[in-house]
Amino acid sequence: MKFFWGPHTCAIGIHILLEEIGIPYDSVKMDVAGGETGREPFTAINPKGKVPTLVRDDGTVMTEYGAIATWLARTNPDKGLIPADPEAERQGIEIMDYAVGTLHLQGFGRLFKTANYEPQDILHHTLKLGQASVKEQGRAIIDAALTILDRQMAGRAYVAGETLTIGDTALFYATRWAPQEGIALPPHLAKHYERMVARPAVERVRAIWGET
């Protein structure tokens, strides 16, 4: 398999899953910030122009965080990355979807890609009048999301109980941006973050990504 990733992106969660599972793969680092994922030859592989992207040995291209994570878990059932208990699975997926859809895309998305959320009328777009308010809105979304997630993580070692599942890699990839942006994690999320960075697979990936 060939795994495409880029620094500072959510792809670190899939990278962690690959290391946790221990299956062979080729790693391809992309210059996401420089726009490499938005042009050929990468767009011929993934027209969406984003990472993570995973290409299987048969040439099948897989995109979207949840789809890739679920496929990796289902095809490696011995790793227990999806709980057997339906309620635990629901809890983990709920946290994963909220971390991806709200904390990442709605919150940190406004900090990292502010112009994408700025009003596009001529006045705002030309003078960039809306970017400060976009960042303020993003920070408010982040703070609210962290509070909700922290409450959900109370009394849990991992998102679905006592063992690592796919939801933990999503929560980790999003919460890791908080300290990078000078945002303090609330206590239960801070414990989860420290628990994750202590895992050997996470340590290996963070070294590759230069985030240690």
Side-chain angles (χ1 to χ4, degrees), residues 1-33 37 50-55 62 65-83 88 91-93 95-96 98-100 103-104 108 111-112 142 145-146 149-150 152-212:
M1 290 191 298
K2 186 171 291 187
F3 170 63
F4 294 86
W5 62 279
H8 200 58
T9 69
C10 64
I12 195 170
I14 299 300
H15 207 161
I16 290 168
L17 285 174
L18 289 167
E19 286 293 316
E20 289 281 355
I21 293 168
I23 54 179
Y25 65 93
D26 293 325
S27 171
V28 182
K29 181 180 179 180
M30 306 293 295
D31 181 10
V32 176
T37 54
K50 63 180 184 177
V51 294
T53 296
L54 192 64
V55 181
M62 293 189 292
Y65 193 93
I68 297 172
T70 301
W71 180 82
L72 286 171
R74 293 293 187 195
T75 54
N76 296 275
D78 58 306
K79 302 301 180 181
L81 293 170
I82 293 179
Q91 292 174 345
I93 291 175
I95 289 176
M96 179 173 72
Y98 190 67
V100 173
L103 182 58
H104 171 187
F108 283 110
L111 298 191
F112 301 152
I142 291 168
L146 291 177
L149 288 165
D150 192 64
Q152 290 180 306
M153 286 301 295
R156 301 187 199 179
Y158 295 98
V159 300
E162 296 302 312
T163 59
L164 180 86
T165 61
I166 59 175
D168 291 288
T169 62
L171 180 62
F172 171 75
Y173 92 62
T175 57
R176 91 187 198 281
W177 285 325
Q180 292 175 8
E181 294 297 314
I183 301 171
L185 288 172
H188 301 302
L189 289 179
K191 289 179 181 179
H192 179 265
Y193 175 84
E194 293 301 327
R195 187 172 287 112
M196 289 295 293
V197 297
R199 296 184 69 89
V202 178
E203 187 176 0
R204 290 194 299 273
V205 170
R206 292 181 74 216
I208 294 169
W209 283 53
E211 292 193 7
T212 55

Which residues satisfy the ring pair (Phe, Tyr, Trp, His ring centres under 6.0 Å) test with [X], sequence neighbours excluded?
X    : result
Y65  : Y173
F112 : H8, F108, W177
Y193 : F172

Distance (rounded to the nearest 0.5 Å) between [X] [atom1] and [Y] [atom2]:
X    : Y    : atom1 : atom2 : answer
M153 : T175 : CE    : OG1   : 9.0 Å
D26  : M1   : CG    : CE    : 9.5 Å
T53  : F3   : OG1   : CZ    : 8.5 Å
L171 : H192 : CG    : NE2   : 5.0 Å
Q152 : L189 : CD    : CG    : 9.5 Å
D78  : I21  : CG    : CD1   : 8.5 Å

Between [X] and [Y], which heavy-atom pair has the shortest distance, and what is it?
X    : Y    : answer
H188 : D150 : N-OD1, 2.7 Å
T163 : Y158 : O-CB, 3.3 Å
K2   : F4   : CD-CZ, 3.5 Å
P7   : K29  : CG-CE, 3.6 Å
T165 : A160 : OG1-CB, 3.9 Å
V32  : G6   : CG2-CA, 3.7 Å

Any donor-acceptor N/O pair, R195 side chain to A157 backbone, under 3.5 Å: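 Yes, because the side chain of R195 sits within donor-acceptor range (under 3.5 Å) of the backbone of A157.
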T169 side chain vs I166 backbone, donor-acceptor pair below 3.5 Å: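 Side chain of T169 to backbone of I166, a donor-acceptor pair under 3.5 Å: yes, one is there.
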Other residues, nucleotides, ligands: >12 heavy atoms within 6.0 Å of K79 NZ: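 More than 12 within 6.0 Å, yes.
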E203, CD atom: more than 12 neighbouring heavy atoms under 6.0 Å: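 No, because the 6.0 Å sphere around CD of E203 holds 12 heavy atoms or fewer from other groups.
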Flag the pair [X] / [Y] as yes when at least one side-chain heavy-atom distance between them is below 4.5 Å, and no otherwise.
X    : Y    : value
M196 : R176 : no
E20  : R199 : yes
L72  : I14  : yes
I208 : W5   : yes
H15  : P52  : no

Stepwise side chain to side chain contact (heavy atoms under 4.5 Å, CB included) check, I183 with L146: CA-CA 10 Å; I183 301 171; L146 291 177; 4.0 Å; yes
